[in-house]
*Asks:* 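I have a structure I would like to understand better, so I am pasting it below and will then ask my questions one at a time.
All figures in this text were calculated on a predicted structure; none of them were measured in a lab. Reckoned from all heavy atoms, side chains included, excluding hydrogens, waters and symmetry mates.
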Amino acid sequence: HSTVLDSTQDMIWALDREFRLAYWNRAFGEYMRAVHPKPLAVGVAAGDYLPPERVARWMNYYERVRQEGAFLVEHTLPDGRVLEISFSAIVREGEFDGVSLFGRDITSRKEARRYSAILETAAEGFVVIDPHGLLVEANAAYSEMTGYSREELLRSSVWDLDPHYTVAEVMAQLSRIRDEGLTRFEARQRRKDGTLFDVDLHVRYSPMDGGLYMVFVRDITHSKQVEEALRKAEEKYEKAFRLSPGVTTLVDLEAGVRLIELNEAFERVTGYTREEVLGRTVGELNIWLRPEELGKAVAESASQGGLRNYPF
């Protein structure tokens, strides 16, 4: 039995009826060597291995086992880990004969509960995906985002929600994320009603519980629509600018009236090509017959915020 008990990462130890150390496994021994200078020894009072301020509390635990039987407590170790400790009475021939203790590290579980409570109220969507591409957790924000209930989402896979990926492509991407540990990208997902929406995905891989993918989901549909509207407006403006019958330029007044952009009419009237003049100043091109008027026009434009129908 000792070989089996020594193979676990859980801490196991036992005390006799006088609350003296009677047995411990490898995990408990390694922990005690790291935190206490006194070597473990059979028959030594358990209180000798405790800080003075904790002796009374633990002695109460041991007495409680004698009086009431088994119970559980959560105990925070000096290194910040949290143990769930099971106290059980050792009974021989109907008589109390000692205490057995089983300590399991539940730090990850406690953190998961804390994060779950936070994420459930978060404005961003959050899902957890297992190594097979199946959703195993989803918060209220993601449920609202997609139109699916939480129960429906937990019966879904990545490829159910993203029509642009095949099963093979999803598995290949999960493999890449596992190797990289963290990644961020944009995608388009499908709501329950069949409509598509754009999302920004921030994905982190965790090796816990066989490997899980923590995914923060932000709906960027509106920003994508704004970007598309701006792109179309820019295309429309650029077309109107280039095809305008009048000479039209964009210049940087603070850089000596340096040409930034020009239209086809400018090339036709001046004889210069676009490539020849971009980045050069009007003065360098010598296309203003009376340079003093150029200075006057720049000054008036700066003071008035622009000029219309200015003769030159």
*Asks:* For the residue pair Pro78 and Tyr31, what are the closest heavy atoms and their distance?
*Replies:*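 Here Pro78 and Tyr31 meet closest at CD-OH, 3.2 Å.
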
*Asks:* Is a side-chain donor or acceptor of Asn25 paired with a backbone partner of Ile12 at a separation under 3.5 angstrom?
*Replies:*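 Yes; at least one donor-acceptor contact below 3.5 Å.
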
*Asks:* Output the distance between atom CG (Asp193) and atom OG1 (Thr146), rounded to the nearest 0.5 Å.
*Replies:*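 Going from the CG atom of Asp193 to the OG1 atom of Thr146 covers 10.0 Å.
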
*Asks:* Testing the basics here: between Met214 and Ser206, what is the closest heavy-atom pair and its distance to 0.1 Å?
*Replies:*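 Met214 and Ser206 have their closest heavy atoms at CE-CB, 4.1 Å.
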
*Asks:* Output all residues satisfying salt bridge (charged side-chain N to carboxylate O under 4.0 Å, His left out) with Lys236, sequence neighbours left out; order by chain, then residue number.
*Replies:*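 If we apply the salt bridge (charged side-chain N to carboxylate O under 4.0 Å, His left out) test to Lys236, skipping adjacent residues, there are no hits.
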
*Asks:* Does Glu144 have any salt bridge (charged side-chain N to carboxylate O under 4.0 Å, His left out) partners at least two apart in sequence or in another chain, and if so, which?
*Replies:*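 Partners of Glu144 by the salt bridge (charged side-chain N to carboxylate O under 4.0 Å, His left out) criterion come out as none, since no residue qualifies.
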
*Asks:* Got a second to check how far Met145's CE is from Asn139's CG, nearest 0.5 Å?
*Replies:*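 Result: 7.5 Å between the selected atoms.
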
*Asks:* Which ILVMFWY residues can you reach from Leu196 by hopping between side chains whose heavy atoms are under 4.5 Å apart?
*Replies:*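 Cluster partners of Leu196: none, it stands alone.
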
*Asks:* Run the numbers on Tyr142 and Leu161 for side chain to side chain contact (heavy atoms under 4.5 Å, CB included), then give the verdict.
*Replies:* CA-CA 12 Å; Tyr142 189 69; Leu161 299 168; 3.4 Å; yes

*Asks:* Give a yes or no on whether Arg231 atom CZ has more than 12 heavy-atom contacts from other residues, nucleotides or ligands under 6.0 Å away.
*Replies:*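 Yes, enclosed.
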
*Asks:* Would you check if Thr221 and Lys224 make a side-chain contact, meaning some heavy-atom pair closer than 4.5 Å?
*Replies:*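 Contact flag for Thr221/Lys224 side chains = no.
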
*Asks:* How long is the span from the CZ atom in Arg20 to the CG atom in Asp48, to the nearest 0.5 Å?
*Replies:*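 Rounded to the nearest 0.5 Å, the CZ-CG separation comes to 11.5 Å.
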
*Asks:* Please work out which of the three classes, parallel, tilted or perpendicular, describes the rings of Phe19 and Tyr62, given edges at 30° and 60°.
*Replies:*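 Taking Phe19 first and then Tyr62, their aromatic rings sit tilted (interplane angle of 30° to 60°).
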
*Asks:* Return the CD to CG distance between Glu84 and Asp105, rounded to the nearest 0.5 Å.
*Replies:*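 Taking CD in Glu84 and CG in Asp105, the distance rounds to 10.5 Å.
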
*Asks:* How would you list, by chain and number, every residue that makes a side chain to side chain donor-acceptor pair (under 3.5 Å) with Arg33, sequence neighbours excluded?
*Replies:*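 Arg33 satisfies side chain to side chain donor-acceptor pair (under 3.5 Å) with no residue once adjacent residues are dropped.
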
*Asks:* Does CD belonging to Glu95 count more than 12 external heavy atoms closer than 6.0 Å?
*Replies:*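 Incorrect, the count does not exceed 12.
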
*Asks:* Out of curiosity, Leu134 CG to Trp159 CH2, how far, rounded to the nearest 0.5 Å?
*Replies:*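 One finds 5.5 Å between CG of Leu134 and CH2 of Trp159.
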
*Asks:* May I ask you to decide if His202's main-chain N or O and Arg184's side chain share a donor-acceptor pair within less than 3.5 Å?
*Replies:*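 No, Arg184 side chain to His202 backbone: no donor-acceptor pair under 3.5 Å.
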
*Asks:* Could you walk me through whether Trp24 and Leu40 pass side chain to side chain contact (heavy atoms under 4.5 Å, CB included), step by step?
*Replies:* CA-CA 9 Å; Trp24 61 91; Leu40 294 177; 3.7 Å; yes

*Asks:* Between Arg26 and Gln9, does a side chain to side chain contact (heavy atoms under 4.5 Å, CB included) hold up when you go through it step by step?
*Replies:* CA-CA 8 Å; Arg26 178 186 53 79; Gln9 296 298 314; 3.7 Å; yes

*Asks:* Looking at Arg204, I want to see if its CZ is surrounded by more than 12 non-hydrogen atoms of other residues, nucleotides or ligands under 6.0 Å.
*Replies:*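 Result for CZ/Arg204: open.
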
*Asks:* So that I can tick it off, tell me whether Arg274 and Glu261 are bridged by a salt bridge, with the cut-off set at under 4.0 angstrom between side-chain N and carboxylate O.
*Replies:*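 Yes, Glu261 and Arg274 are salt-bridged.
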
*Asks:* Side chain of Asp198, backbone of Ser223: donor and acceptor closer than 3.5 Å?
*Replies:*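 No; zero donor-acceptor contacts below 3.5 Å.
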
*Asks:* So does Arg176 get a backbone contact from the side chain of Asp179, meaning a donor-acceptor N/O pair under 3.5 Å?
*Replies:*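 No; judged by distance alone, with no hydrogens or angles, the pair does not exist.
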
*Asks:* Under 3.5 Å, is there a donor-acceptor pair between the side chain of Ser143 and the main chain of Tyr148?
*Replies:*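 Checked: pair present.
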
*Asks:* Group every Ile, Leu, Val, Met, Phe, Trp and Tyr by side-chain heavy-atom contacts under 4.5 Å, then state whether Leu182 and Ile177 land in the same group.
*Replies:*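 No, Leu182 and Ile177 fall in different hydrophobic clusters.
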
*Asks:* Identify, with sequence neighbours excluded, every residue that meets ring-ring contact (aromatic ring centres under 6.0 Å, His included) alongside Tyr213.
*Replies:*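 Counting only residues at least two positions away or on another chain, Tyr213 forms a ring-ring contact (aromatic ring centres under 6.0 Å, His included) with Tyr205.
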
*Asks:* Any heavy-atom pair between the side chains of Leu21 and Leu15 that's under 4.5 Å?
*Replies:*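 SC-SC contact between Leu15 and Leu21 confirmed.
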
*Asks:* Give me the atom names and distance for the closest heavy-atom approach of Leu154 to Val136.
*Replies:*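 Taking Leu154 first and Val136 second, the nearest heavy atoms are CD2-C, 3.5 Å.
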
*Asks:* If two hydrophobic side chains count as joined below 4.5 Å and joins carry through other members, does Ile90 share a cluster with Val42?
*Replies:*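 No.
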
*Asks:* Leu153 and Ala138: which non-hydrogen atoms are nearest, and at how many Å?
*Replies:*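 The answer is CD1-CB, 3.8 Å.
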
*Asks:* When hydrophobic residues are tied together by side-chain contacts of less than 4.5 Å, even through go-betweens, does Phe28 share a cluster with Tyr61?
*Replies:*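 Yes, same cluster.
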
*Asks:* Give the cluster check for Met11 versus Val35: same hydrophobic cluster or not, with ILVMFWY residues linked at side-chain heavy-atom distances below 4.5 Å.
*Replies:*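 Same cluster: Met11 reaches Val35 through Ile, Leu, Val, Met, Phe, Trp or Tyr contacts under 4.5 Å.
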
*Asks:* For Val65 and Phe71, what are the C-alpha separation, side-chain angles and deciding distance, and is it a side chain to side chain contact (heavy atoms under 4.5 Å, CB included)?
*Replies:* CA-CA 8 Å; Val65 177; Phe71 63 91; 3.3 Å; yes

*Asks:* Give, for atom CZ of Arg17 and atom CG of Asp97, the distance between the pair rounded to the nearest 0.5 Å.
*Replies:*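 It is 4.5 Å, given to the nearest 0.5 Å.
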
*Asks:* I want to check something: taking the side chain as every heavy atom from C-beta on, are Gln189 and His164 in contact at a cut-off of under 4.5 Å?
*Replies:*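 When only atoms from C-beta onward are counted, His164 and Gln189 do not touch, as no gap falls below 4.5 Å.
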
*Asks:* Go through the structure and list residues passing ring-ring contact (aromatic ring centres under 6.0 Å, His included) with Phe216, not counting sequence neighbours.
*Replies:*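 Phe126.
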
*Asks:* Does Glu152 have any salt bridge (charged side-chain N to carboxylate O under 4.0 Å, His left out) partners at least two apart in sequence or in another chain, and if so, which?
*Replies:*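 Listed in chain order: Lys192.
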
*Asks:* For Arg218, does its backbone N or O pair with a side-chain atom of Glu124 as donor and acceptor, under 3.5 Å?
*Replies:*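 No.
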
*Asks:* Minimum heavy-atom separation for Gly47 to Val55, with atom names?
*Replies:*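 Between these two residues, the closest heavy atoms are O-CG2, 3.8 Å.
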
*Asks:* Taking only residues two or more places apart in sequence or in another chain, which ones pass side-chain contact (heavy atoms from CB on, under 4.5 Å) with Thr76?
*Replies:*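 In terms of side-chain contact (heavy atoms from CB on, under 4.5 Å), with neighbours along the sequence ignored, Thr76 is linked to Val82.
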
*Asks:* Could you list the residues that satisfy side-chain contact (heavy atoms from CB on, under 4.5 Å) with Ile85, not counting sequence neighbours?
*Replies:*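 If we apply the side-chain contact (heavy atoms from CB on, under 4.5 Å) test to Ile85, skipping adjacent residues, the hits are Trp13, Trp58, Val73, His75, Leu83, Phe87, Leu101.
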
*Asks:* Do Met171 and Val215 share a hydrophobic cluster (ILVMFWY, side-chain heavy atoms under 4.5 Å, transitive)?
*Replies:*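 Linked, Met171 and Val215 end up in one cluster.
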
*Asks:* Tell me, please, which residues at least two apart from Ile260 pass side-chain contact (heavy atoms from CB on, under 4.5 Å).
*Replies:*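 Testing Ile260 for side-chain contact (heavy atoms from CB on, under 4.5 Å), a comparison that skips the adjacent residues, returns Leu250, Asp252.
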
*Asks:* Is the closest basic N to carboxylate O distance between Glu151 and Arg155 below 4.0 Å?
*Replies:*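 Looking at Arg155 together with Glu151, the answer is no, because their closest N to O distance does not fall below 4.0 Å.
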
*Asks:* If the condition is side-chain contact (heavy atoms from CB on, under 4.5 Å), which residues does Glu93 pass it with, not counting sequence neighbours?
*Replies:*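 Here no residue qualifies.
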
*Asks:* List in chain and number order the residues that pass ring-ring contact (aromatic ring centres under 6.0 Å, His included) with His36, two or more places apart in sequence or in another chain; answer none if no residue qualifies.
*Replies:*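 In terms of ring-ring contact (aromatic ring centres under 6.0 Å, His included), with neighbours along the sequence ignored, His36 is linked to Tyr49.
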
